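Atoms within a ligand are numbered from 1 in the order they appear, just like the ligands themselves. Keep in mind that this is a model prediction, so the values were computed, not measured.
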Amino acid sequence: MPDKTEEHAGITPMDLEEFRNNAHKAIDWVVDYLGNVESYPVLSRVSPGEIRSQLPAHPPVTGESFDSILKDIDEIIMPGITHWQSPDFFAYFPCNSSPPGILADILASGLNVQGMLWATSPACTELETHMMDWLVEMIGLPDKFTSHGSGGGVIQHSGSDANLCALLAAREKKTTGQSNQNGCTGKLVAYTSAHAHSSIEKACMIAGIGRDNLRLIEVDDQFAMCPEVLDLQIRQDLDQGLFPFFICACIGTTSSLAIDPIEEIGKIAAKYGVWLHIDAAMAGTAAICPEFRFINAGVECSDSYTFNPHKWMFTNFDCTAFFVADRAALINALSILPEYLRNEATESGAVFDYRDWHIPMGRRFRALKLWFVIRQFGIEELQQRIRQHIALAQEFKNWVSESSEFELAVNAPLNLICFRHRDGDEITEQIMQRVNNSGEMYITHTRLQDRFILRMSIGQSRTERRHVKNAWQLLLKASKELAENPGV
Ligand SMILES: *Cc1c(COP(=O)(O)O)cnc(C)c1O
């Protein structure tokens, strides 16, 4: 039986001392979790509905104690968690956190400001502008993306939002400000690689461009966009009386981390006066290291660029960095000023009002976590961690190419290795299921040239060599067992 007085402790809002006690319990919980994260099965094993079936059908009428809620975290919620913070997580892409990122989020929640306008919390806006300028410097982007000239950066909720905003800015520019006035002509055409992230297609759906007006350009044998096909397609569309307005090139596709030839695509964009947006969601972080900055070759000719510090840069979700060279194009696409938001700072034009740089009005103080992460790690430590991940991935790549069981699907220079079993799709898929069922690791797949391909993504904050080595042993073991006992 729960203690009655304790059960009723939460009826009034927690007083500050109680909050302090509970906050200590919460942080202890998080520290213990991160210390033990390796001991959980990486992929949650619950079946659909299992978590909900344990929750009360109706919300509580009277408040409950913090302890009883925390207890349910352990008993009800934890079995339904897939452990993205596990060092044995090699699926999809990393979703990294770090102590400074977590602490900054606590402070951001404590302040809980609404940074929609400069005036609603000047520090929220100014720190964000400053962090975005720091990032430009850190990953070696051209100066035009800083706030010093006509460009600037903003934190978006996700890469998908950034891709949509880039498309909206491009649309507004191509229609010289008329797309929000008269709607779209139905003649605007967007271009991206056949391997681009699904968010580009979604952006075309949302913006009223339509899927039929998105051209998925063929890729080469390394899954990078073929520029000559792009050029030809644009010419054909112009001949049809259509308006090419947006190209999205990828630095690191989701499927295989392919890098589109940005320089050549940039020349085409310039030739036809089309907005060039670069989606570098995960790979962008690698450019913190000078030796990997080659991935950004050609970005001088782009109009916008995005990457996700919430993937590989140790900054808790959500934090997408989005840069534009001409902020007026973005703001024209997204700004309306209702009477209730009018204020002196805005009217003076001397400040950024970030609500005009993205879709929602309200915004959290997300720059704090970038500030904490960059300051506490320092550039050298960030570089060292990224180098380590890439070195581990390259070592894994060698194991694959030297093995008699597996073969590489692409020649990857960074932290994602795509490979398959030499005997085909069926055994490759069975190996994936077997290692994932073991609970000791988690890996996901893609399809390349219509073949079932495993993706080994190495970038988790806590992944060390022993975890990668263990994953390789598990893959070999599964392959051996399945070869001896097919179909089991
Ligand atoms: C992960 C990814 C995205 C989407 O990022 P979200 O922040 O999850 O919306 C977009 N593009 C690429 C290339 C990605 O890898």
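For the salt bridge (Lys or Arg N to Asp or Glu O under 4.0 Å) test, residues two or more places apart in sequence or in another chain that qualify with D425 are R447.
Listed by chain and number, residues touching ligand 1 at under 4.0 Å (heavy atoms only) are F93, S158, G159, S160, H197, G252, T254, D279, A281, N308, H310, K311.
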Determine all donor-acceptor pairs shorter than 3.5 Å in which one atom belongs to a side chain in residues 256-271; sequence neighbours excluded.
{"residue": "D260", "atom": "OD1", "partner": "M225", "partner atom": "N", "Å": "2.7"}
{"residue": "D260", "atom": "OD2", "partner": "C250", "partner atom": "N", "Å": "2.7"}
{"residue": "K271", "atom": "NZ", "partner": "D231", "partner atom": "OD2", "Å": "2.7"}

Report, one line per pair, each donor and acceptor closer than 3.5 Å where one atom sits in a side chain of residues 102-115; sequence neighbours left out.
{"residue": "S109", "atom": "OG", "partner": "D105", "partner atom": "O", "Å": "3.1"}
{"residue": "Q114", "atom": "OE1", "partner": "R363", "partner atom": "N", "Å": "3.2"}

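Between E300 and K144 there is no salt bridge, since no side-chain nitrogen of the basic residue lies less than 4.0 Å from a carboxylate oxygen of the acidic one. With salt bridges taken as basic N to acidic carboxylate O contacts below 4.0 Å, none links E128 and R366.
The distance between the ring centers of W357 and F322 does not fall below 6.0 angstrom.
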